[in-house]
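I have placed the structure first, in the form of structure tokens, so that the comments after it can refer back to it.
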There are 2 protein chains.
Amino acid sequence: MADVARRAGVSMATASRALSDHPHVAAGTRARVLAAAEQLSYVISPEASRLAGGVTGRVAVVVPHISRWFFATLLDGLEQVLREGGLDVLLYHVGDAADRRDFFQRLPARRKVDAVVVLGMPVHDAERDRLELMGVHIVAAGGQVENYPYVSIDDAAAGRQAVDHLIFLGHRRIGMIAAIDPAEPGWPVLPGRTLAYRAALADAGLPAGPELVVTVPWGGLSGADAMARLLSLREPPTAVYAHSDEVALGAMRTLRRAGLRIPEDMSVVGIDDHPMAELADLTTVAQPVLEQGVLAGRMLLELLAGGSGTDGATVPTRLVVRGSTAPPRR
Amino acid sequence: MADVARRAGVSMATASRALSDHPHVAAGTRARVLAAAEQLSYVISPEASRLAGGVTGRVAVVVPHISRWFFATLLDGLEQVLREGGLDVLLYHVGDAADRRDFFQRLPARRKVDAVVVLGMPVHDAERDRLELMGVHIVAAGGQVENYPYVSIDDAAAGRQAVDHLIFLGHRRIGMIAAIDPAEPGWPVLPGRTLAYRAALADAGLPAGPELVVTVPWGGLSGADAMARLLSLREPPTAVYAHSDEVALGAMRTLRRAGLRIPEDMSVVGIDDHPMAELADLTTVAQPVLEQGVLAGRMLLELLAGGSGTDGATVPTRLVVRGSTAPPRR
DNA sequence: GCAACCGCTGGAAGCGTTTCCGACTACGCA
DNA sequence: TGCGTAGTCGGAAACGCTTCCAGCGGTTGC
């Protein structure tokens, strides 16, 4: 910066002010400084800048299972907005519970970021307290979290759309493949999607035998296994509601291999509207994933700008009817 | 840190050395310093540390199309290794040509990182010159880039495995669906995969009519369109080689909708071994994606540790035969 | 027995900014 | 004409750490 100041014929103090857009700098002076910086292709040192009391300009994004479409797409939207807002994205992939503990243990103390965005997972109270204690903002996207700014879908409503669709088609015996996160054993994942199932059946006066619900770790192959289990029932369902499209796609493989036709012999509905759902003609409940990332980014920007921010936003889902659902044969 | 030093009864110099694991510190002294730090729950300020030390402890990762499985998985592997190596990942998503130009023009990562990893895309010469301006290490993964340490597959070999498989099964009329990056119009994407096709056909003395090759922007729906075009030929192929699994899956949808059976009426083979390939019973050429990210990470770590690093690594691919390929009917 | 040496430690000079505080200029007003 | 004031600008002190260099006592080599 000394070079820039010298070249512009001003002191370092003035150069600093000009570069960081402070008031009390004459327009002409500012222009000269910026020109000099440009010519020298000067870039400020974030370390020094932060050390001297500024902010880091960095945001930590915590994401589990980054290679999955849902999380990667969320990240896509978020990164876009934050980049436009002049913030850098520091990526933290917490694959399992240990990673997670590790992250919340050290990151806040390290003072590396101004804010944390948690993607697609709930945040425990203790973790939230820890973050707030360190004075960093926190925003969540893609997973229902309370007590602080978040953006997500209404899982119960989404599940309801899926199951109600099956009921409307005339199905009376509907199975559910519930997915749980293998990295968070015992953690109630997407309880809304499960509750929706029970509520919809109850409202329609349909039986909900426990044998109709299969719970498996998240994933396509798990979905395949789960479907096999449902097929092994004495009286299999005529339709299946899967917690996610990946799981549903797995279920479809089992059906295909068993020689059953979709939707004639079995209807299948998922949630998410994964790109593959379109290719597989899977009926699903679409949620705007990219948009959730974008919204979370905007929320954070507002928060960092001093705004109070909204409490949270729930984005709407919608049923997308494709070829995997139809009335039951009988 | 001054507090810690005082409490431990040493100077700041010694405290610094003890905390950063330097040699030339007596074991007892180190223990005392660490204990003091522990009691005061002291954490080092990364900014100050870096300002004084000269390194940032951060790595920029440049990735296009992050929501696609391939890139996200590459990132997954890379992040894992870098995090273990104590480095933070600064994510730069260059979605389209504009982003890309912007990135290389402004070099937003300048002064912020010790190294740059470019994932899954070739770097033009001009861009490379810009990168070198940053004066940091550069590593590429998942896309062949020369002049740099890189890790990728041999696209020509992979393509060869796919096409040779079809030829071996007895197919004489083989179509190709070539994918190009919509964000990089006119850029020769994956030329190896195209060359492999021509070479394999030539070696087997098979015709390679230009009508058998359809080039579309990357994506499942594009694959579906491409397949439709192949089916509209007076004499359609009996097998199709797609540049990627997503494209192949799209092609399969068209076949399914047309009432054609796979593999009886048409064999389909892809490249990548996308998780969905397994669910769709798609024969493909698998490439170790996560591993490429991991390897690139290790390479970088070695480079940063002062090692000379290897020039590059090519990881092997292997044919995975599933249910989408079989000998032609006639 | 003396010098060279070694392992450990402390003092202090940066690292590149931001920002407080004081100074200087040019003006408006009495 | 003299003085207060607003608008600018420069000097210099942090910010919290790393590391060079020198000093210290004690050990080794000849």
Side-chain angles (χ1 to χ4, degrees), chain A residues 1-37 40-58 86 88 106 108-114 134-135, chain B residues 1-38 40-58 86 88 107 109-114 134-136 304-306:
Chain A
M1 181 148 107
D3 292 339
V4 173
R6 200 172 319 119
R7 192 183 179 95
V10 299
S11 73
M12 275 187 51
T14 303
S16 171
R17 277 187 284 253
L19 289 171
S20 46
D21 238 30
H22 266 265
H24 301 303
V25 177
T29 310
R30 166 165 298 140
R32 251 183 310 133
V33 172
L34 292 181
L40 296 173
S41 76
Y42 163 84
V43 267
I44 206 164
S45 156
E47 322 295 341
S49 170
R50 159 64 168 162
L51 178 58
V55 290
T56 68
R58 272 175 249 134
D88 283 317
R106 21 175 76 108
R110 293 283 191 97
R111 305 171 250 169
K112 287 183 181 173
V113 296
D114 303 326
M134 305 304 293
Chain B
M1 183 148 106
D3 291 340
V4 173
R6 201 173 317 120
R7 194 185 179 91
V10 298
S11 72
M12 273 187 53
T14 302
S16 170
R17 278 187 284 253
L19 289 170
S20 47
D21 240 28
H22 267 266
H24 300 305
V25 178
T29 310
R30 166 164 298 142
R32 251 184 309 134
V33 171
L34 292 181
E38 173 70 25
L40 297 173
S41 74
Y42 162 84
V43 272
I44 205 166
S45 154
E47 319 296 340
S49 166
R50 262 116 208 196
L51 215 211
V55 293
T56 68
R58 271 177 249 128
D88 284 321
L107 293 180
R110 219 165 161 199
R111 288 255 243 165
K112 292 180 184 169
V113 298
D114 301 327
M134 291 177 61
V136 298
L304 286 178

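The sequence lines fix the lettering, A, B, ..., with proteins before strands; numbering per chain opens at 1. The structure presented is a predicted model; accordingly, all values stated were derived computationally and were not measured.
- In terms of phosphate contacts, B:T29 brings no side-chain nitrogen or oxygen within less than 4.0 Å of OP1 or OP2 of C:dC8.
- We find that CZ of B:R50 is positioned 11 Å from C1' of D:dC17, with the value rounded to whole Å.
- For the pair A:I44 CD1 and C:dC15 P, the interatomic distance rounds to 17 Å; values are reported in whole Å.
- Listed for the A:R30 side chain is a donor-acceptor partner under 3.5 Å among the backbone atoms of A:H22.
- The minimum heavy-atom distance linking B:V4 with B:A37 is given by the pair CG1-N, 3.9 Å.
- Distance CG (A:L51) to P (C:dT17): 11 Å, rounded to an integer number of Å.
- Taking side-chain N and O atoms only, B:S49 has a distance below 4.0 Å to OP1 or OP2 of D:dT18.
- With sequence neighbours excluded, no residue satisfies side chain to side chain donor-acceptor pair (under 3.5 Å) with A:S16.
- At the heavy-atom level, B:R111 lies under 4.0 Å from the strands shown only through sugar-phosphate atoms.
- Listed by first and then second residue, the salt bridge (charged side-chain N to carboxylate O under 4.0 Å, His left out) pairs involving residues 4-26 of chain B are B:D3-B:R6 (not counting sequence neighbours).
- Closest of all the heavy-atom pairs between B:D114 and B:V136 is O-CB, 3.2 Å.
- Shown here are the salt bridge (Lys or Arg N to Asp or Glu O under 4.0 Å) partners of B:R32, two or more places apart in sequence or in another chain: there are none.
- Nucleotide C:dG16 holds its P atom 17 Å from the NZ atom of B:K112, rounded to whole Å.
- Rounding to whole angstrom units, CE of residue A:M1 and C1' of C:dG16 are separated by 7 Å.
- Straight-line distance from the CD atom of A:E47 to the C1' atom of C:dG14: 16 Å, rounded to whole Å.
- Among residues two or more places apart in sequence or in another chain, the side-chain contact (heavy atoms from CB on, under 4.5 Å) test is passed with A:D88 by A:R58, B:L90, B:Y92, B:K112.
- Residues B:V113 and B:M134 meet the side-chain proximity criterion, which asks for heavy atoms closer than 4.5 Å.
- Using a 4.0 Å cut-off, no side-chain N or O of B:H22 falls inside it from OP1 or OP2 of D:dT18.
- The CE atom of B:M1 sits 13.0 Å away from the CG atom of B:L40 when rounded to the nearest 0.5 Å.
- Interface residues of residues 5-20 of chain B facing DNA chain D, ordered by number: B:M12, B:A13, B:S16, B:R17; criterion, heavy-atom separation under 4.0 Å.
- Overall, the helix from C:dG1-D:dC30 to C:dA30-D:dT1 carries an axis bend of 40° between its ends, with five pairs at each end and the value rounded to 10°.
- The side chain of A:H24 places no N or O atom within less than 4.0 Å of a non-bridging phosphate oxygen (OP1 or OP2) of D:dC9.
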